[in-house]
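Everything on this sheet refers to the single structure shown next.
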Amino acid sequence: MSGSTRRTGHSGRDALHTAGPAPAGPPPRPVVAALMLGMALAALDSTIIATAVPQIVGDLGGFAVFSWLFSGYLLAVTVTLPVYGKLSDTFGRKPILLTGIVLFLAGSLACAGAWNMAALIAFRVVQGLGGGALQGTVQTIAADLYPMRDRPRIQARLSSVWAASSVAGPALGGLLAAGAGWRWIFLINVPVGAVALWLIVRHFAEPQRSPERAAARPRVDWPGALAIFATGGLLLTALVQGGVAWAWLSAPSLLLFAGSALGAALTVLIERRAAEPIIPGWVWRRRTISAVNLSLGALGLLMVAPTVFLPTYAQAVLGLGPTAAGFVLSVMTLSWPVSAALSSHVYNRLGIRNCAVLGIAAAGLILLAFPLLPYPGAAWQPALIMLALGAALGLFQLPLIIGVQSSVGYPERGTATASILFCRQVGQSLGAALFGALANATLNDRLAQAPSGIRPGLPDDLDAVSRALEHPGALTAHATDYLRRAVDTTVDHVYLGAAAAAALALTALLVLAPRRFPVHADVRAAGEGEGEPGGS
């Protein structure tokens, strides 16, 4: 082995790894701009389409299946994350990022030309295939370009892209759908993606690989990739559609869960025999990465409460319009990147694990405070809670991502980054299913206990209750108040469930995560080891 290889900072069966490039000075501004534009493509796509659904359904039909516009995209992003992570470690970041942008733009153009709902859903899946490459590879390149002490700055910039998209996306989608037409929601991606593509091609130069890696013939575990696609697709379809398109204990749900269990067993067998598995065993053998995977999976579960149920609470209980309800949620995205940018001052003093423990413990207490809000209350009260929640989660998520990325060398960073993003996405899908079931059970119980004088004619699910409260003229004042209180109780229970998810994340950190995150030998050689006090 040449002098460019060093043993990792981990013990056990970890292999020798080729040293990755050390960040040499600040990266070129065009590259940073390209990363932000690439992240903007994925971030805007998650929010801009929501307000245009009525126009899309009115033009193409397919009301019964329109939810797959979101589910299909989410499925494609989630199941491809680990595959792209491994491919970026094998072939380099640049070709994978370029492939993701091209796929996303091709899907966007195809979506703009869709002739019916089935075609639009299929093309959204193509977009998702590109989105999976964008999300994981952008995060990995950011870690490659910035030393550990400076990563909060670039991560805060990327977080600000998500924050701006969550605020501007719904408004922009509504304006385009009402003015130019819904097809422009997809066409607007083309100039943004084209600029990102040009900047990456022209300004992003990947460092040369060592002679050993350059001479080695890349081996891709395609059977493992297909098994992951199938298993993830079956599981996420069961979680997303269960309780919506069919009952949880119905034949479709049971068959999908059984198929995903068999697929998981097959995936483990394939990956154990593969020379270069898509999801290597070290992702779960190393305490640092497995603890963060579980913690960020719990974060994905937790985030369903504010992102899905808070707008319903703001409109149905507080009586706010859609724009004001969106603002109540968006304040969380304002404090999150600010807190993330400042988190280095905390973890440089306390250590990464302690900083994350502090953040998630505070988040749990904040979530427990939500059910204590008065009824009906004022809009500033939940907004203040969301502001505090964003600040707490900024201290929790970013240090863990940085800790994992600094615990591995360049040849493993894409796989490690993709694994934590994958777990967060799966947690979000699981949270939507669990909290959706919890919300429906709570609401049904409240409706069953309604006074006999108002029970006839009451809506029977959360969506129907929300629609009824938007136009309360057909309800008596007593019935309207009862429904508002029922929604208030329902969302309170969901926030209690989110607090339980925070407790799960806290437990994973305390039980599994090392007190001091290890810092890879390559990272130490680059002068980055000071980011984790006493890192070993």
Side-chain angles (χ1 to χ4, degrees), residues 50-51 53-54 63 67 170 242-249 301-332 366-386 389 431-501:
T51 50
V53 166
F63 178 79
S67 64
V244 179
W246 48 71
W248 283 110
L249 295 180
L301 196 154
L302 176 159
M303 286 302 298
V304 172
T307 56
V308 176
F309 291 92
L310 184 63
T312 298
Y313 171 87
Q315 294 182 68
V317 178
L318 302 181
L320 302 179
T323 303
F327 175 77
V328 172
L329 173 61
S330 67
V331 294
M332 178 178 68
I366 293 165
L367 291 165
L368 287 173
F370 190 92
L372 302 178
L373 292 178
Y375 172 85
W380 67 266
Q381 294 167 332
L384 182 62
I385 284 181
M386 290 303 100
L389 183 62
L434 290 176
F435 291 152
L438 174 62
N440 287 329
T442 302
L443 187 64
N444 288 336
D445 180 69
R446 295 296 298 159
L447 294 176
Q449 296 179 23
S452 57
I454 65 170
R455 190 179 304 165
L458 286 181
D460 57 0
D461 61 54
L462 189 58
D463 290 336
V465 168
S466 299
R467 288 193 297 270
L469 291 174
E470 288 177 7
H471 308 284
L475 300 172
T476 65
H478 187 32
T480 299
D481 182 69
Y482 189 87
L483 287 181
R484 290 190 190 280
R485 290 181 180 275
V487 173
D488 181 61
T489 301
T490 297
V491 178
D492 285 349
H493 286 187
V494 170
Y495 268 78
L496 290 175

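Because the structure is predicted, anything quoted here is derived from the model rather than measured.
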Query raised in the report: Is R484 salt-bridged to D488, cutoff N-O under 4.0 Å?
Result: no
So do [Y] and [X] actually touch side chain to side chain, heavy atoms under 4.5 Å?
X	Y	answer
Q381	P374	yes
L483	L447	yes
L310	V328	yes
P382	L318	yes

Within this structure, what is the [atom1]-[atom2] distance for the pair [X] and [Y], rounded to the nearest 0.5 Å?
X	Y	atom1	atom2	value
T307	M386	OG1	CE	10.0 Å
L320	Q315	CG	CD	8.0 Å
L373	D492	CG	CG	7.5 Å
I385	W380	CD1	CH2	9.5 Å

Where do [X] and [Y] come nearest, in terms of heavy atoms and distance?
X	Y	value
P451	Y482	CD-CE1, 3.8 Å
A498	F435	N-CZ, 3.6 Å
L301	G431	CG-CA, 3.7 Å
P311	P306	CD-O, 3.4 Å
M332	L389	SD-CD2, 3.9 Å
V304	A432	CG2-N, 3.5 Å

Report summary line: ring-ring contact (aromatic ring centres under 6.0 Å, His included) filter on F370, not counting sequence neighbours, yields Y313, Y495
**Report entry** Between D481 and Y375, a side-chain donor and acceptor under 3.5 Å
**Finding:** yes
Query raised in the report: Which is it for T442 and T489 under the side chain to side chain contact (heavy atoms under 4.5 Å, CB included) test, yes or no, and what are the steps along the way?
Result: CA-CA 8 Å; T442 302; T489 301; 4.1 Å; yes
**Report entry** Sidechain-backbone polar pair: D445 side chain, A441 backbone, donor-acceptor under 3.5 Å
**Finding:** no
Query raised in the report: Taking everything shown except L372 itself, do over 12 heavy atoms lie less than 6.0 Å from its CG?
Result: yes
